[in-house]
Amino acid sequence: MNILVLSPYKGLKPDKTEYSPEAVRALRESGSTVTVKKCFFLLLEAELRKAVKSDNCPDLIIVPDYIGNEEDFRSKFAFIIDRARHKAQQVPNAKEKIDIKKSLGDLKDNIKYIISKIKKEDVTKKEREARYVSYKRKKIHVFPIELNDKTAYAFTYLNSKVIVTPGGVSPEALGEIPALVNSTFGENSEEYPGGYSLTDRTLKVTTFTERHFPRKGDSKNEVIRKSAMLAAACVFIAAGFMFIYNMYVMPAQQEALQSDIRTIFYEGSTDSSAAKNAKKPMKLNWNIRKKNSDIKGWIHIDHTKIDYPVLQCKSDNKDSQFYLNHNYLKQYTPRGFGAIFIDYRSKKGMASKNVILHGHHMEDGSMFGNLMNYGKYSGNLGFYKKAPVVKLSTPKGGTKTYKIISVFKSNVNPAQGEYFDFYCAKFKSSAQFMNYVYNLRIRSLINCPVNVNEKDQLVTLVTCSYEFPGFRTVVVARKCRKNESTKVDVSSASLNKNPVWPQCYYGRFRATRPTILTFKKAYKKGLIKWYDGSAKLKGSEQLPTSLKETTQPTTSAQQATQPKPTKPPKKYYTIKITRFNKHGKKVSSRKKVVEGTKVKLPKVRNFKKLGYKYTFKKWRIKGISGKKYISRKTKKITVRCNLKLKAKYKKTKIYVKPKPAPTKPTKPAKPTKPAEKPQPATEKPTEEENPEDVEE
C-alpha cells in the first residue's frame with residue numbers, strides 16, 4: 001500500500017521535528033510504502049491535488065496532528081471537501097446545441113407571445129414537452145474513526161483516501177490506520193460506494209431561445225431578467241459597432257478622401273515623397289481648387305502624416321468656423337475630423353503676417369496629431385532634428401519653407417493663470433511684433449537655432465493638447481528669406497531648461513515661474529542672441545490682447561488708447577451651517593458667498609428632548625482653510641474662508657411635578673388644617689454640551 005504522510009507546519013516557519021519515527025516504522029511493518037512530506041498548512045489543498053495527480057498516486061494520505069475536535073475539522077476541511085466533490089463529478093450539460101431553424105422558429109413564437117402580452121391577448125399554444133436528463137449526484141461522505149478515545153476523520157479525495165488525525169495519538173494506534181480505513185470503507189461500500197453518497201437528480205434541457213428570450217410560462221422575475229439581459233446585449237452590440245465605426249471605419253474613409261486629393265495634387269503620386277526620387281521638380285496640380293475654391297494652399301511636414309490642403313471660409317468668425325467639422329469637400333464630419341483651415345483672424349489668408357492654422361489632434365496621428373511628437377512636458381529634440389521645417393505651397397507663390405522657431409504649450413482659459421494670446425495675425429508696429437516673437441521664444445521647449453527679425457513672416461500651427469484641461473500645443477515657424485538656405489543647423493539645437501509655462505503648471509511640477517521681460521529690456525541686457533535686425537523698432541511693445549502692461553509708463557495719448565485693467569475675479573466660499581430645529585432634529589445647510597461679504601445666520605430655536613432643555617448659547621466657528629475669521633458671538637460674520645458653523649447649546653435638566661394618584665370619593669370628613677403648599681423643586685446646576693452631543 002502506497003501511503004503519503006502530509007505533516008503541516010505547526011507555526012509560520014518550518015519546524016525541525018519530523019513525523020514520529022515509531023509511527024512510520026509501524027506503518028512500514030504492515031508492508032506499506034511510506035513517504036513523509038512537510039507542507040505549509042495554507043497550501044495543504046494544493047499538496048493534496050499535486051499528490052493525487054502525480055504518476056505515483058498514493059492509496060492513502062495521512063494528515064497527522066492537525067485538528068482538535070469535529071468543529072475544528074469541519075472549519076478547516078469543509079471547503080476542501082466541497083471543491084473535491086465538484087472535481088469528482090462532471091454535471092451533464094443541459095444546453096442543447098444551437099439548431100438555427102429550430103431557434104428561429106422558437107424566436108418567432110416568443111416574439112408573438114411578447115406582442116400578445118403587450119396587447120393583453122390570450123394566446124392558445126401547445127406547451128412544449130419538457131426534456132430532462134437524469135444523473136446520479138455524488139456527495140463525499142466523512143467517516144469518523146476512533147483512535148485511543150480520539151476521533152479521526154476519513155474521506156475520499158478524487159482517487160485517494162484521506163484521513164485527518166487529531167493530536168496526541170500514540171504511534172501504535174497510527175500504525176493501525178491503514179487497516180481501519182480499509183475496513184471502514186469496505187463495510188460501507190454498499191451504502192457509500194467509493195466513499196460517495198449517490199442521489200438522483202434531473203436537469204431540464206433548454207434551447208438557446210428558451211434561456212435568453214421571454215416565453216410563456218416564465219415567472220415575472222424571469223421575464224424581467226431576460227428582458228434586461230437582451231437590452232444590455234443590444235446596448236453592448238450598438239456600443240461595439242459605434243466604437244469600431246469611429247475608431248476604424250470613419251478614419252479609413254477620411255484617409256481615403258485625403259489619399260484621393262493627394263494623388264491629384266502630386267499628379268499620380270500619393271504623397272510628396274516622390275519628389276525626392278524625381279529627377280525634375282514635381283509639378284503641383286492646383287486643379288484641386290475646382291473641387292473647392294476655399295483651398296488656399298497645401299501644408300507638408302516630413303516624417304509626419306501632415307500632408308493636407310489648407311482651407312479658409314470667408315464667413316468664419318469668432319462664433320463659428322466652418323472647416324472645424326467639415327472636410328475639403330464641404331461634407332460634415334462628426335467626431336472632429338474636419339480639415340486644416342486658416343483662423344478667421346488671418347484675414348489676408350496665406351499672405352498674413354502670421355498665418356494661424358488649426359487642425360484636430362487625432363489619436364492615430366492624422367491631421368495635426370503628429371505635432372505632439374515635438375514634445376509634451378519637455379521637448380523632443382530627436383524628432384525636431386528630423387523635422388525642423390514646415391513646407392507651405394500656394395497657387396501663385398509656389399512652395400516655401402518655414403523654419404520652426406518655437407514649440408510651446410499654452411492655456412486658452414484665463415482661469416488657469418495669465419493668458420498669453422498667441423492668436424495674433426496682425427501687428428500695429430515692429431516693436432509689438434518683436435515683443436510677440438520674444439514671448440514665443442521664452443515659452444519654447446526647444447532652443448531653435450533660427451534667427452528672427454521684424455521683417456519675417458510667421459506661420460502658427462495650433463492643435464488641442466491634454467497636459468492640462470483646455471491646453472494647446474503650438475508650433476511657430478518663420479518664412480525662409482530670399483537667397484537663404486532651407487536647411488537648419490540642428491546640431492546647435494538644445495532643450496530649454498526653464499521655459500515659461502502657464503501659471504497652473506507651477507506648484508505641481510516646478511516651484512517658481514521665470515520673470516518675463518519685454519523684448520527691448522531683454523535685448524539691452526544681452527539675453528537675446530537670435531535677433532539679427534536693425535534694432536530700430538518703432539511703436540509700443542504692448543501685445544494686441546494682453547491684459548497687463550509690458551512696457552514703461554507711456555504718454556497720456558497712449559494711455560487713452562490702451563485698455564483699462566480688468567478687475568480680478570471674485571472668490572467664492574462655501575459655509576456649512578449645522579443647527580437643530582424645534583423638534584431636536586439636526587439640520588444642515590450650505591451657502592455660497594463672496595469673500596468679504598457679511599452673512600446673516602438663520603434664527604436658532606430652543607428645544608426640549610428626552611427630559612432636557614437646550615438653549616442656544618453661541619455659534620461655534622471653524623475655518624477650514626486656516627485663514628482668520630472675525631466674529632464668534634454676533635449673527636453677522638465677515639467671510640474670508642470656507643467655514644463650518646455649529647450651534648452650541650446649554651443643556652438643562654427638566655423636573656416635572658408628579659401628578660397625584662386618583663382616589664375614590666369618600667364621605668366628607670371633619671375639617672382639618674390646610675396642608676402646606678409644596679415647595680418648588682430646585683434645578684440642578686446646568687452643564688454645557690457641544691452640538692454633536694445633542695444628536696440622536
Side-chain angles (χ1 to χ4, degrees), residues 78-79 82-139 198-257 325-327 331-338 360-364 366 369 466 469:
F79 184 67
D82 187 61
R83 287 173 64 92
R85 178 182 65 81
H86 287 288
K87 292 180 180 180
Q89 181 185 33
Q90 184 177 3
V91 179
N93 188 9
K95 299 179 181 179
E96 272 191 359
K97 293 182 179 180
I98 298 177
D99 187 352
I100 297 177
K101 293 182 179 180
K102 190 174 183 180
S103 297
L104 290 176
D106 293 342
L107 180 60
K108 186 177 179 181
D109 294 340
N110 290 334
I111 292 173
K112 289 182 179 179
Y113 173 69
I114 295 170
I115 294 173
S116 67
K117 283 293 184 183
I118 295 173
K119 294 181 178 180
K120 297 182 179 180
E121 296 177 358
D122 186 15
V123 177
T124 58
K125 187 178 69 171
K126 293 182 179 180
E127 290 289 335
R128 178 176 298 168
E129 294 182 359
R131 298 172 301 280
Y132 294 92
V133 175
S134 300
Y135 70 100
K136 297 285 187 180
R137 183 186 180 187
K138 290 183 178 180
K139 183 178 180 182
L198 303 177
T199 57
D200 294 331
R201 296 294 296 272
T202 56
L203 284 177
K204 184 179 180 181
V205 180
T206 57
T207 61
F208 179 82
T209 54
E210 289 175 342
R211 292 192 300 272
H212 299 92
F213 292 89
R215 57 189 299 271
K216 188 176 182 180
D218 289 343
S219 62
K220 183 179 179 181
N221 293 338
E222 186 69 8
V223 171
I224 294 173
R225 183 190 69 81
K226 291 180 179 179
S227 301
M229 184 177 63
L230 289 175
C234 293
V235 172
F236 178 78
I237 293 171
F241 173 77
M242 293 300 296
F243 175 79
I244 294 172
Y245 180 76
N246 290 330
M247 294 299 295
Y248 300 101
V249 178
M250 187 180 292
Q253 292 175 351
Q254 297 300 321
E255 184 60 29
L257 283 174
N325 48 20
H326 290 78
N327 60 19
Q331 298 171 346
Y332 177 76
T333 56
R335 199 176 166 267
F337 280 93
H360 286 291
H361 176 185
M362 306 306 295
E363 295 179 358
D364 60 351
S366 59
Y466 303 106

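Just the heavy atoms: all of them, side chains too, but no hydrogens, waters or symmetry mates, feed the values below.
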| query | Residues in salt bridge (Lys or Arg N to Asp or Glu O under 4.0 Å) with R225, at least two apart? | reply | E222
| By side chain to side chain contact (heavy atoms under 4.5 Å, CB included) - contacts of M242 (at least two apart) | N246
| field | With D82 via salt bridge (Lys or Arg N to Asp or Glu O under 4.0 Å) - residues at least two apart | value | R85
| query | Taking atom NZ of K139 and atom OG1 of T199, what is their separation to the nearest 0.5 Å? | reply | 8.5 Å
| said: Going by the rule ring pair (Phe, Tyr, Trp, His ring centres under 6.0 Å), which residues pair with F241 if we only count those two or more places apart in sequence or in a different chain? | reply: none
| query | At what distance, to the nearest 0.5 angstrom, does NE2 of H361 lie from OG of S366? | reply | 9.5 Å
| query | Does the side-chain hydrogen bond (donor to acceptor under 3.5 Å, both in side chains) test come out yes or no for S219 and N221, once each step is laid out? | reply | CA-CA 6 Å; S219 62; N221 293 338; 5.6 Å; no
| said: Checking R137 now: which residues fulfil salt bridge (Lys or Arg N to Asp or Glu O under 4.0 Å) with it, not counting sequence neighbours? | reply: none
| Of all heavy-atom pairs between Q254 and T333, which one has the smallest distance, and what is that distance? | NE2-CG2, 3.6 Å
| field | D364 vs E255 side-chain heavy atoms within contact, under 4.5 Å | value | no
| said: List the residues meeting ring pair (Phe, Tyr, Trp, His ring centres under 6.0 Å) with H326, not counting sequence neighbours, and say none if there are none. | reply: F322, Y332
